[in-house]
*Asks:* 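Structure in structure tokens, see below.
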Amino acid sequence: MCPEGTSPPPELTLSLDRKNREKEARVTANISDDTFAYLTLDEAEQVAYDPLYLVGRGRGQEPHRPQLFDSQGRCVTRECVTCHAENEGAQA
């Protein structure tokens, strides 16, 4: 409940959408049902880590910024044979 004479804060909702003709899904951010932002998966990943980075800096820490995927969309775990097929032969 908001104090008298004030309005509620804006509400942020996030959803994952994929239309029929789109190559990959996208994240839709809605703010109070009237402002929309559409993000690619790479953009959404970056936006997800930015608040954590800022919180760490606010606490005087130098936070680690993990990179989950490389520029080609492969996971950074080199042992993953799904993303790094060249490693598949090395294990045999």
Side-chain angles (χ1 to χ4, degrees):
M1 178 137 297
C2 296
E4 190 174 326
T6 63
S7 60
E11 180 181 356
L12 172 65
T13 58
L14 301 170
S15 61
L16 183 65
D17 301 308
R18 184 173 185 173
K19 306 293 183 201
N20 291 338
R21 297 178 187 220
E22 292 179 344
K23 182 178 177 182
E24 70 176 12
R26 64 183 178 174
V27 174
T28 303
N30 304 330
I31 302 172
S32 299
D33 293 330
D34 58 357
T35 304
F36 297 90
Y38 301 102
L39 305 155
T40 66
L41 297 179
D42 289 338
E43 292 168 337
E45 180 180 33
Q46 182 65 43
V47 168
Y49 285 105
D50 285 346
L52 294 175
Y53 177 80
L54 295 172
V55 166
R57 294 297 304 249
R59 291 180 174 158
Q61 303 165 348
E62 187 63 38
H64 174 65
R65 292 188 70 129
Q67 182 179 1
L68 301 178
F69 299 97
D70 66 14
S71 62
Q72 297 173 348
R74 299 178 300 191
C75 65
V76 295
T77 305
R78 297 293 300 166
E79 293 77 29
C80 176
V81 295
T82 302
C83 294
H84 301 279
E86 67 272 11
N87 292 339
E88 189 172 333
Q91 292 181 349

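Just so you know, these numbers use all the heavy atoms, side chains as well, and skip hydrogens, waters and symmetry mates.
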*Asks:* Is a donor from one side chain sitting under 3.5 angstrom from an acceptor on the other, for T40 and D42?
*Replies:*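 No donor-acceptor contact under 3.5 Å links the two side chains.
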*Asks:* Provide the closest heavy-atom pair for P51 versus A48 in the form atom of the first, atom of the second, distance.
*Replies:*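 What the structure gives for the nearest pair is CD-O, 3.6 Å.
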*Asks:* Side-chain contact, heavy-atom cut-off 4.5 Å: R26 with E43?
*Replies:*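 No, their side chains stay 4.5 Å or more apart.
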*Asks:* Just so I know, are the side chains of L41 and L16 near enough to count as touching, which here means a heavy-atom distance under 4.5 Å?
*Replies:*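 Yes, at least one pair of side-chain atoms sits under 4.5 Å.
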*Asks:* Rounded to the nearest 0.5 Å, what's the gap from CG on N30 to CZ on F36? Could you check?
*Replies:*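 Rounded to the nearest 0.5 Å, the CG-CZ separation comes to 4.5 Å.
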*Asks:* Using modelled atom types and a 3.5 Å cut-off, is there a donor and acceptor pairing between side-chain atoms of R18 and backbone atoms of K23?
*Replies:*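 Yes, R18 side chain to K23 backbone: donor-acceptor pair under 3.5 Å.
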*Asks:* Which heavy-atom pair separates S15 from D17 by the least distance, and what is that distance?
*Replies:*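 So the minimum-distance heavy-atom pair works out to OG-OD2, 3.3 Å.
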